[in-house]
Structures are given as structure tokens and as C-alpha cells.
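In what follows, every chain begins at residue 1, and chains take the letters A, B, ... in the order their sequences are listed. The model shown is predicted, which means the values in this text are computed figures rather than measured ones.
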Protein chains: 2
Amino acid sequence: MLDEQHVAITDSEWELMRAVWTLHRVSTRQLIDIMQKERHWADSTTKTMLRRLIKKGAITQVGETRPYDYVPAVKEQDSMDTAAQDLFDHMCAMRTGNTLAAVIESRDLSQADIAKLQKILNEKAKTAPEMVACNCLPQGMGADCMTEGGERNGQ
Amino acid sequence: MLDEQHVAITDSEWELMRAVWTLHRVSTRQLIDIMQKERHWADSTTKTMLRRLIKKGAITQVGETRPYDYVPAVKEQDSMDTAAQDLFDHMCAMRTGNTLAAVIESRDLSQADIAKLQKILNEKAKTAPEMVACNCLPQGMGADCMTEGGERNGQ
DNA sequence: TCTTTCTGACTACAGTTGTAAACTAAGAAT
DNA sequence: ATTCTTAGTTTACAACTGTAGTCAGAAAGA
């Protein structure tokens, strides 16, 4: 399984993928019903999404007989991690911490999740810098953007 | 400033916005130079992006005289937080923790950032559930997706 | 003032995304 | 075997994106 990795999944497609990932193996019928209940999609909309995801290599069609089945071709956790990393990649490094704080604060996390994050943070604290610089401009361009406190003009 | 909030910023637009946010107030010329150095954009590409962002309400044109200036109309931290929340909103809640772990692990965070996150986590730990359920399917549809360990078939 | 140079505004255009109708070939029912 | 019903395949289409060329009106220079 030479994992084609890095399939770009769009907003709407995420919904379909979640169903496929969760059920491991689904029929078009199941997907149509789920998406209908969840997003009020017309049958054809689900079919189109399914077809696009297959072309993109995110889903694989399986089975010989006619009502085929569909299984995920990419891993859910990988896709999630990649999507998140990609997002943070184009946001100011100096503000990453704040955004992470906002997300963590608003999400339900299990005891195990929290323990895991705490462990990572403790480890990271050992070598963390006093402050992270803004990386929004190509070097040389524009006066350096941060003020004394490490906080850019508090908006 | 009746903050129109919730302007959807696209991938390419993020780059332009970062420059505007960082410089607080810029001229078209500056932006063109920055984007040229950073993304090899043609002058017109930068102009188009700028114009679209203005129309979207993410940037405001200021000044009376001809070479106008441009200032952000939405706050950077808000936009970042919103984008991150939106992303996590359509991903499996059960796996959020893992993705956050991946992101935290790969990012540079300052001592202050880490301290802040640790504080939030400690607080959260007090009331965190033993496990977070998968929320990928409309209730009722499909067998519940998690196995004993709280981990869906380890992919 | 006349010409050159910016810079702001409009146009272009292919590819993607969100949504969905239409058509066709397999199975299922009669 | 004939017809009905699914399920898979094509086509549609407007809005949005990434990229960029063109043109007209201001500013600046000659």
C-alpha cells in the first residue's frame, strides 16, 4: 500500500470521509443516508463527493459484485494531523501558542489526552526559548514586528 | 468598528494578511515587494488579492491622497483562532487530542506559551472525562465507533 | 504643460468546490 | 424475458481561487 499520502481534503469532503473512516467499510447507500441525515445532501451530491474522493485517492472502491463497498485509502489521524500542521504553517509562529490555547480550552479532551499533552509540554519546557519570533515577513523586510513584551501591539 | 467578523481567508490570502498585520499599515508598493520576494507573485496578483481582501472586509483602505495605505480590518489573533476552531470543528472529536499533540510537538513555543498551556491543561484535568466519544456519525447511525480501549482500530 | 510612471480598477481564465440532475448498466421482481 | 429499481458514471453550473494581463487616471519629472 504505497500510501499516496497528502490528499487535500476539502471542507465538505471531510464530512464524507469521517463516515467512511468511522465505519471502515461502507456502501454508497449508507453514505447517502448518512449525508442526507447530516447535511441534507441530495443523493447525487454524495455520489459526486464519493467519486471525487476516489479519484483523489482518499477512498478505495472494493468488491467484485455490483453494490461495491468503499474503504478509506488514507488514515484518519494522518489526515487530521496534516491538515492541522498545514494550517499552522501559514499562520504567525509568534501567535501559535495563543491559538493552541484557544483550541485546547474549547475542546473536550480525555484524561489520557490531557496527560499526553502535559507530558509533551513538560518535555518541551526544558529547551523552550524565552520567546518565539514572528515569521511573517521575508527576512530583511520591515522593522522587526514584536515589541518589548513579546506581544505585538495588543489588538 | 462593528467588527464584521468571520471573514473567510483563503490560503493565499493568509500570506498577504500576515504582512498587513505585521506592518500595521502598508502601501501597495510594500505589499507587492514583499509578496514578490516571498511568493514570486506578479504585481497584479498582489493587487488582486489586496482588492479581494478589501471587498471581503479583511482590510481597509485609508488615506485621502493617492498612494493609499491599507490597514487590517480584522484582528490577527481572532482570525487565527477562528480558523483553527473551524478546522477542528469538522474533525473527529475523539482524535482531537492526538492532533493537538502532533501540532504542539512540532511547533516552537515560548516558555510563556508553554506555561499558559500547562495552566489550562491542569485546570481542564480537574473535570475532564475518562474518554471522549467519536462524533462522526449522526446519532443512531452505525454501530458506535470506538472499541474497548477508546481507540478505534489502531490504524 | 507634456510625457513618463505609478497605482488603482477592471478583465481574464483555467481549475476547484459545493450542489445536483441526467443517463446507463446491473440486479431484483414479476 | 420484461420491467422496475438501484447504483455507478457523466454532465452541469455557478461561485470561489490562484494567477496575471490591461487600461485609465494621478503624480511626478522634464
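A close approach under 4.0 Å does not occur between any side-chain nitrogen or oxygen of B:Ser44 and OP1 or OP2 of D:dA20. Residue B:Trp41 places at least one side-chain N or O under 4.0 Å from the OP1 or OP2 atom of D:dT19.
For B:Glu38, there are no salt bridge (Lys or Arg N to Asp or Glu O under 4.0 Å) partners at least two apart in sequence or on another chain.
If you measure from atom CD of B:Glu13 to atom C1' of D:dT19, you get 13 Å, rounded to the nearest angstrom. Summarising the geometry, the separation between CG on B:Leu16 and P on D:dA20 is reported as 13 Å, rounded to the nearest angstrom. Rounded to an integer number of Å, the gap from NZ of B:Lys47 to P of D:dT22 is 12 Å. As rounded to whole Å, 7 Å separates atom P of D:dT19 from atom CZ of B:Arg39. Taking atom CG of residue A:Leu50 and atom C1' of nucleotide D:dT10, one finds them 15 Å apart after rounding to whole Å. A:Gln61 has its CD atom 13 Å from the P atom of D:dA7, to the nearest Å. Atom NZ in A:Lys55 sits roughly 12 Å away from atom P in D:dT9 (whole-Å rounding). Between the P atom of D:dT9 and the CZ atom of A:Arg52 lies a distance of 15 Å, rounded to the nearest Å.
Between the side chain of B:Arg18 and the backbone N or O of A:Asn135 there is at least one donor-acceptor pair closer than 3.5 Å. When atom types are taken as modelled, the side chain of A:Lys47 and the backbone of A:Thr28 share no donor-acceptor pair closer than 3.5 angstrom.
Contacts classified as ring pair (Phe, Tyr, Trp, His ring centres under 6.0 Å) and involving residues 82-116 of chain B (residues at least two apart or in different chains) are given here: A:Trp14-B:His90.
Between A:Thr45 and A:Ala8, the residue anchored closer to the 5' end of DNA chain C is A:Ala8, taking for each the nucleotide with the nearest heavy atom.
For DNA chain C, the contact window with chain A, defined by any atom under 4.0 Å from a protein heavy atom, covers C:dT17 to C:dG27 in 5' to 3' order.
Direction change of the helix axis from one end of the helix from C:dT1-D:dA30 to C:dT30-D:dA1 to the other is 10°, with five pairs defining each end axis (rounded to 10°).
By the 4.5 Å heavy-atom criterion applied to side chains, A:Lys116 and B:Leu100 are not counted as neighbours.
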Inset, instruction - Begin from the C-alpha positions of A:Asp108 and B:Met131 and carry the test side chain to side chain contact (heavy atoms under 4.5 Å, CB included) through to its verdict. - result: CA-CA 9 Å; A:Asp108 275 338; B:Met131 64 170 307; over 6 Å; no
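When hydrophobic clusters are built by joining Ile, Leu, Val, Met, Phe, Trp and Tyr residues whose side-chain heavy atoms come closer than 4.5 Å, directly or via intermediates, B:Ile32 is not grouped with A:Leu137.
Counting non-hydrogen atoms under 4.0 angstrom, B:Asp11 reaches the backbone sugars and phosphates but no base. Backbone-only engagement by A:Thr28 is indicated by non-hydrogen atom pairs under 4.0 Å involving sugar-phosphate atoms exclusively. As judged by a 4.0 angstrom heavy-atom cut-off over every strand, A:Thr10 is placed among residues touching the sugar-phosphate backbone only. At a threshold of 4.0 angstrom between heavy atoms, the contacts of B:Thr48 include nucleobase atoms, whether or not backbone atoms are also involved.
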Distance-only donor-acceptor hits, side chain of residues 61-71 of chain B, under 3.5 Å, sequence neighbours excluded:
from: B:Gln61; atom 1: NE2; to: B:Tyr70; atom 2: OH; distance (Å): 3.0
from: B:Asp69; atom 1: OD2; to: B:Arg25; atom 2: NE; distance (Å): 2.8

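The side chain of A:Tyr70 approaches D:dG8 more closely than any other nucleotide in the set D:dA7, D:dT9, D:dG8.
B:Ile34 pairs in a side chain to side chain contact (heavy atoms under 4.5 Å, CB included) with only one of the listed residues (B:Leu16, B:Thr46, B:Leu23, B:Thr22), which is B:Leu23.
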Contact list (N/O, under 3.5 angstrom) for nucleotides 24-30 of chain D vs protein:
from: D:dA26; atom 1: O4'; to: B:Arg66; atom 2: NH2; distance (Å): 3.4

